[in-house]
Amino acid sequence: MPNITLPDGKKIKFDKKVSGIEISEKISKSLSKQALVMSVDGNLKDLSFIIENDSKVKIFTSKDAEGLETIRHDTAHILAMAVQELFPGTQVTIGPVIENGFYYDFARKDPFTENDLKKIENKMKEIVERDELTRFEVWDRDKAIEHFKKIGENYKAEIIKDIPHGEKISIYFHGKWHDLCRGPHLLSTAKIGKFFKLTKVAGAYWRGDSNNEMLQRIYGTSWASQKELDDYLKRIEEAEKRDHRKLGKEMDLFHFREESPGAVFWHNKGWALFQKLVSYMRVKQENAEYKEINTPEILDRSLWEKSGHWEKFGENMYTSTTPDEKVFAIKPMNCPGCVQVYNQGLKSYRDLPLKMSEFGKVHRYEPSGALHGLLRVRAFTQDDAHIFCTEDQITEECLSVTNLILEIYKDLGFENVILKYSDRPEVRVGEDSVWDKSETALLKAIKESKLEYSINKGEGAFYGPKIEFVLTDAIGRDWQCGTLQVDLNLPGRLGATYVDKDGGKKVPVMLHRALFGSLERFIGILIEHYSGKLPFWISPLQTMIIPVSDEFNDYSKSVNSKIKRAGISSDVDLKSHNLNYKIREHSLSKLPILLICGKKEVDTNSVTIRRLDSNKQENMQLEKFIKEFSILNKAPSL
RNA sequence: GCCCCUGUAGUUAAAUGGUAUAACGUAUCCAUGGUAAGGAUGAAUUUCCAGUUCAAUUCUGGGUGGGGGCACCA
């Protein structure tokens with residue numbers, strides 16, 4: 001006779017075997033109405049599961065992550081039911097819960113259209129109303145395979161074949177419709193409610209492998225209440241408003257065009273932002289003892305063959321044949337060029353660590369489907385550096401890179417940073433013993449940094465293991481930006497050496513590191529993080545001077561030139577629009593500071609400040625304005 | 001690269017088997033204004049290449065770009 005222990009420690013004694021729903025009824029009527037699933041000794045179970053022995057039981061409602069996940073899982077099943085009712089002959093494959101929703105992959109000849117989504121949604125609602133009861137059976141493997149094959153569900157049969165022998169094959173029924181599934185599920189289809197929406201159709205490879213056939217995936221979202229669904233849809237809308245592609249156009253920062261897919265045409269304001277970030281990093285790197293260099297964009301094929309890029313990275317490289325038939329590659333990475341700078345002249349152990357930075361523009365032939373605004377381009381500028389050092393210096397140098405990156409992210413408004421560590425990939429150069437050494441040294445640095453980190457097996461660069469720096473933006477999205485790679489391979493391949501204490505030549509270790517990764521991508525992230533309202537010090541155009549009428553144009557022009565001389569970017573709006581019009585226009589373009597100049601200002605040699613998102617008027621002496629805003633015109637850490 | 005959707009003034013959109021409409025922007029003129037759109041007039045457009053058709057921006061096929069996913073992100 002089971003003794004049930006609840007999360008608060010309370011025990012309930014039952015005189016017979018008991019189901020989850022019976023337990024919830026015993027606790028309270030309202031709980032039994034809201035109950036969705038339960039855990040029995042830590043394992044999630046259907047509420048209909050019968051408990052025979054003493055157990056710890058926790059009942060979940062839609063307020064718990066477990067409850068909401070089960071709702072989504074059930075919604076995915078109901079989606080599959082609806083699709084098969086509407087489109088007989090469609091095969092089901094898998095339909096997992098994902099963040100904020102679920103998807104289901106189907107195999108069907110004809111594509112689903114946006115119109116079908118609406119139809120399917122209605123059918124789903126109908127199924128919810130039918131309130132089909134959930135039932136659960138355990139089948140024999142061979143019977144299950146045979147059954148699914150017989151009804152034409154070849155993908156399901158294949159999935160079952162891959163389930164290890166000895167594991168139970170559980171089949172869930174919702175009415176007559178059934179699916180292979182681990183569960184748990186709600187008691188009936190009505191329990192999911194109607195707070196779901198199918199969001200998009202997309203292609204997806206069977207088992208995520210691009211060699212396999214493509215299935216049709218339907219994405220959806222599902223919530224416990226109409227309000228939560230509405231809030232979610234609202235959040236999506238808000239995120240779309242900060243899309244850097246849209247803001248980039250509105251703010252006149254950059255554009256793309258057909259002649260060069262995946263390459264940015266920077267407008268004046270966008271380029272100003274780009275250059276501000278570069279100047280800022282120059283100062284930070286100067287302070288950290290980096291020496292800036294610059295190397296050719298086009299280099300002979302032989303160098304890329306030596307470095308290993310030709311073989312391991314060739315598919316992503318642009319090449320160019322000259323009129324005299326020589327083959328060059330447009331650099332996809334800066335490292336070989338940098339090693340050649342290192343190689344020019346003799347280096348001593350006393351020169352190490354030698355940190356060479358380069359704002360290098362690289363070109364990579366990315367798959368067309370990967371391109372996405374500034375976030376994924378084919379031509380971009382890396383804030384790259386290569387640190388040549390001895391093996392003993394690796395850990396210390398990695399730590400100093402990590403600190404530099406954290407400082408820079410903080411200046412730009414990103415406080416939350418986590419690390420991702422990736423070790424040796426399948427396609428790589430170098431001996432395993434060398435990889436052992438690099439991986440150990442890098443891991444040691446990670447541990448000493450005391451930052452949170454995760455491990456990505458097999459995702460390192462072809463020449464060495466790496467850390468990636470992942471930051472979190474204003475609406476909680478993660479972005480992978482900086483990177484740090486240990487490389488014991490390239491320097492040797494390209495013949496880099498230094499003269500050690502004993503007079504013998506040794507091969508240095510090279511660390512590759514990028515702070516933002518790609519300037520282009522980072523600018524995209526910055527725009528989205530700030531919704532285009534960039535901090536004053538990196539604003540591409542910081543102040544706009546607006547004369548109240550033509551009469552004050554001269555005064556406005558003189559204010560403009562004084563502000564510019566102080567290093568603050570500024571412009572005068574002399575167009576023949578009225579004041580209100582100009583204020584609206586420049587506010588919409590997210591200009592941080594508007595300076596209004598009229599009679600009052602001329603008489604007192606002052607300006608009236610209007611800050612973005614405020615309608616307060618603040619009159620200030622011009623000299624004072626320049627002094628105060630010059631202080632704000634620097635990164636917080638400088 | 002793969003699947004689906006998509007391409008109309010600078011921008012955002014509307015319409016159509018008989019070469020297109022609006023708003024904003026732009027240009028000219030009027031208005032000279034004090035904190036989120038003052039008024040008038042004008043210029044400007046169907047992504048490219050084939051095909052069907054008397055006639056294609058519209059239908060069909062292909063190229064190419066863009067979007068959403070998948071795969072990729074060295």
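Side chains are part of it too, since the values below use all heavy atoms of this structure and drop only hydrogens, waters and symmetry mates. The chains referred to below are lettered A, B, ... by the order of the sequence lines, with proteins before strands, and numbering in each begins at 1.
Interatomic distance, A/N605 CG to A/K562 NZ, rounded to the nearest 0.5 Å: 5.5 Å. Atom CG in A/L277 sits 11.5 Å away from atom OG1 in A/T381 (nearest 0.5 Å).
A gap of 25 Å separates the C1' atoms of B/C24 and B/U19, to the nearest Å. For the C1' atoms, the distance linking B/U8 with B/A56 amounts to 14 Å, nearest Å. Rounded to whole Å, the C1' atom of B/A23 lies 15 Å from the corresponding atom of B/U45. Between the P atoms of B/U47 and B/U41, the separation comes to 30 Å (whole Å).
Straight-line distance from the CG atom of A/D573 to the C1' atom of B/A37: 14 Å, rounded to whole Å. The nearest whole Å value for the distance from the CZ atom in A/F106 to the P atom in B/C4 is 17 Å. Straight-line distance from the NE2 atom of A/H267 to the C1' atom of B/U11: 12 Å, rounded to whole Å. What separates CZ of A/R257 from C1' of B/C48 is a distance of 15 Å, to the nearest Å. Atom CD1 in A/I546 sits about 20 Å away from atom P in B/U32, given to the nearest Å.
Using a 4.0 Å cut-off, no side-chain N or O of A/Y581 falls inside it from OP1 or OP2 of B/U32. When the side-chain nitrogen and oxygen atoms of A/N580 are compared with OP1 and OP2 of B/U35, none of them lie within a distance under 4.0 Å.
Side-chain atoms of A/T221 and A/N100 form no donor-acceptor pair, as typed in the model, at a separation below 3.5 Å. In this model, a donor atom of one side chain and an acceptor atom of the other lie less than 3.5 Å apart for A/Q485 and A/T483. For the 3.5 Å distance criterion, the side chains of A/R207 and A/Y205 fail to qualify, holding no donor opposite an acceptor. The closest side-chain donor-acceptor pair between A/N334 and A/Q382 falls under 3.5 angstrom.
A/L594 comes within 4.0 angstrom of no nucleic acid atom, judged by non-hydrogen atoms across all strands. Base engagement by A/T608 is indicated by at least one non-hydrogen atom pair under 4.0 Å involving a base atom. Counting non-hydrogen atoms under 4.0 angstrom, A/T113 reaches nothing in the nucleic acid. Residue-level contact check: A/E426 touches neither bases nor backbone, having no heavy atom under 4.0 Å from any strand. As judged by a 4.0 angstrom heavy-atom cut-off over every strand, A/K600 is placed among the base-contacting residues.
For B/A22, the paired nucleotide is B/U12, the pair qualifying as Watson-Crick or G-U wobble because both relevant distances are below 3.5 Å. When both pairing distances are held under 3.5 Å, B/A27 makes a Watson-Crick or G-U pair with B/U41. With a 3.5 Å ceiling on both atom-pair distances, the Watson-Crick or G-U wobble partner of B/U64 is B/G7. The partner of B/A55 cannot be assigned: no Watson-Crick or G-U wobble pair with both contacts below 3.5 Å exists in any strand. For B/G1, the paired nucleotide is B/C70, the pair qualifying as Watson-Crick or G-U wobble because both relevant distances are below 3.5 Å.
Comparing A/H577 and A/V548, the nucleotide of RNA chain B nearest to each residue sits closer to the 5' end for A/H577. With RNA chain B read from its 5' end, the first of the two nearest nucleotides for A/Q216 and A/K599 is the one closest to A/Q216.
Residue A/E258 places no side-chain atom within donor-acceptor reach of the base of B/G63, judged by atom type and a 3.5 Å distance cut-off alone.
Aromatic rings of A/H255 and A/F265 (six-membered ring for Trp) have centroids within the 6.0 Å cut-off, being under it.
Heavy atoms of other residues, nucleotides or ligands lying less than 6.0 angstrom from CD of A/E259 number more than 12.
Residues satisfying the ring pair (Phe, Tyr, Trp, His ring centres under 6.0 Å) test with A/H529, not counting sequence neighbours, are A/F414.
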Worksheet item: How does protein contact run along nucleotides 68-74 of chain B, one letter per nucleotide 5' to 3', with B for base contact, S for sugar-phosphate only, - for none, heavy atoms under 4.0 Å?
Response: BBBBBBB

